[in-house]
Amino acid sequence: MALDDILKQVPIDDIAKRLGVSHDEAKTAVEQGGAVLLGGLSKNASTDEGSAAIQKALKKHEGTTGAASVDDIDQADGDKIVSHILGAEEKKKVTEKLTQSDKTAGIDFGKLLPILAPIVMGLIANAGKGKSGSASTESQGGGGIGDIIGGLLGGGGKSGDGGIDLGSIVGGLFGGKK
């Protein structure tokens, strides 16, 4: 599984229309937003407390798949997910930094991330279910969820058409913060 799996689950054309941007601009923004959410989840999964919180949240998203349109997505839930993943202060900083990025100029990540978050959680929940019979990885010592998230991040690498280095985006947003 890779970041491309997120792209397949997201209604990019509908997002583009909602945000008033081209398909390619929306796709780039979805790649960056997805990488940020996965990076935040990965950071959270590195602690026992964070991993347990992710496990609990994933149970709510088991069996969910992508959406045909933005209207199919519970954006209020998505906003809560983003706040839990990034934390309130970091959420503000990250959305501002992404919104001001040259590669995604004019895209409001404050609107985009809550659209992406439930889809990302559904993908991770279903990936975990496929690997262990359920999203719970407690019997695996909590490493399982981090492996799934790492697979999504690592599998994304550089986007083929945009040349975006997702690892640098995530590292740049989270790497310098303690």
Side-chain angles (χ1 to χ4, degrees), residues 2-47 50 53-54 56-58 60-61 64-125 149 152-153 156 158-159 161-178:
L3 194 57
D4 289 341
D5 294 323
I6 294 172
L7 293 174
K8 292 175 190 169
Q9 303 283 325
V10 176
I12 292 179
D13 289 327
D14 196 29
I15 289 171
K17 189 165 64 171
R18 292 282 173 112
L19 298 177
V21 298
S22 73
H23 173 88
D24 289 343
E25 289 170 317
K27 183 178 180 225
T28 298
V30 166
E31 288 172 338
Q32 289 189 348
V36 165
L37 292 171
L38 290 169
L41 284 166
S42 179
K43 184 177 176 184
N44 291 343
S46 68
T47 68
I54 292 169
K56 184 178 176 185
L58 288 176
K60 298 177 189 172
H61 295 277
T64 60
T65 57
S69 80
V70 173
D71 291 334
D72 296 338
I73 299 168
D74 183 350
Q75 294 175 53
D77 183 45
D79 193 49
K80 290 177 191 172
I81 294 168
V82 174
S83 292
H84 286 292
I85 291 173
L86 301 177
E89 264 315 296
E90 198 68 16
K91 176 183 167 186
K92 184 178 177 186
K93 290 177 191 172
V94 168
T95 55
E96 285 175 8
K97 186 168 184 174
L98 286 170
T99 299
Q100 294 168 4
S101 168
D102 291 341
K103 293 186 192 310
T104 54
I107 294 179
D108 184 351
F109 279 84
K111 292 180 182 175
L112 180 61
L113 292 178
I115 294 169
L116 295 178
I119 295 170
V120 169
M121 294 298 283
L123 273 170
I124 295 168
I149 295 166
L152 279 166
L153 274 170
K158 287 192 180 195
S159 111
D161 49 13
I164 298 167
D165 185 348
L166 298 175
S168 291
I169 293 167
V170 174
L173 291 170
F174 296 106
K177 313 268 189 297
K178 298 225 183 236

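- Residues I124 and I54 fail the side-chain proximity criterion, which asks for heavy atoms closer than 4.5 Å.
- T99 places a side-chain N or O within 3.5 Å of a backbone atom of F109 that can act as its donor or acceptor partner.
- We find the NZ-CD1 distance between K8 and I119 to be 14.5 Å, quoted to the nearest 0.5 Å.
- Minimum interatomic distance between K91 and S83 (heavy atoms only, all atoms of both residues): NZ-OG, 3.2 Å.
- Counting heavy atoms from C-beta outward, R18 and D71 have side chains that approach closer than 4.5 Å.
- Here the side chains of V30 and P11 are not in contact, with every heavy-atom distance at 4.5 Å or above.
- Note that NZ of K80 and CD1 of I85 are 14.0 Å apart. Values are rounded to the nearest 0.5 Å.
- For the side chain to side chain contact (heavy atoms under 4.5 Å, CB included) with I115, the lone residue among D74, D14, L19, I73 that qualifies is I73.
- Side-chain N or O atoms of N44 include none that pairs as donor or acceptor with a backbone N or O of G50 at under 3.5 Å.
- Atoms NZ and CG, on K60 and D77 in that order, are 7.0 Å from each other to the nearest 0.5 Å.
- When every heavy atom of M121 is checked against every heavy atom of L58, the shortest pair comes out as O-CD2, 3.4 Å.
- Nearest heavy-atom pair across S22 and A16 is O-CB, 3.7 Å.
- K93 is listed as a side-chain neighbour of E90, based on a closest heavy-atom distance under 4.5 Å.
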Margin query: Determine whether T28 and E25 satisfy the following criterion, side chain to side chain donor-acceptor pair (under 3.5 Å), listing intermediate values before the conclusion.
Written below: CA-CA 5 Å; T28 298; E25 289 170 317; over 6 Å; no
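- The two atoms that bring A117 and V82 nearest to each other are CB-CG2, 3.8 Å, heavy atoms only.
- Taking both residues in full, the closest heavy atoms of A26 and I15 are given as CB-CG2, 4.4 Å, listed atom of the first, atom of the second, then distance.
- Closest approach of A29 and I107 over heavy atoms only: CB-CD1, 3.4 Å.
- Here Q9 contributes atom CD and L123 contributes atom CG; the two are 4.5 Å apart, rounded to the nearest 0.5 Å.
- Side chain of Q100 to backbone of K97: no donor-acceptor contact under 3.5 angstrom is found.
- At distances below 3.5 Å, not a single donor-acceptor pair connects side-chain atoms of D79 with backbone N or O atoms of P114.
- Taking 4.5 Å as the limit, some side-chain heavy atom of L86 sits within range of a side-chain heavy atom of V36.
- Looking only at side-chain heavy atoms (C-beta outward), V70 and Q75 come within less than 4.5 Å of each other.
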Checklist line | Worked verdict on K27 versus D13 for salt bridge (charged side-chain N to carboxylate O under 4.0 Å, His left out) | finding: CA-CA 9 Å; K27 183 178 180 225; D13 289 327; over 6 Å; no
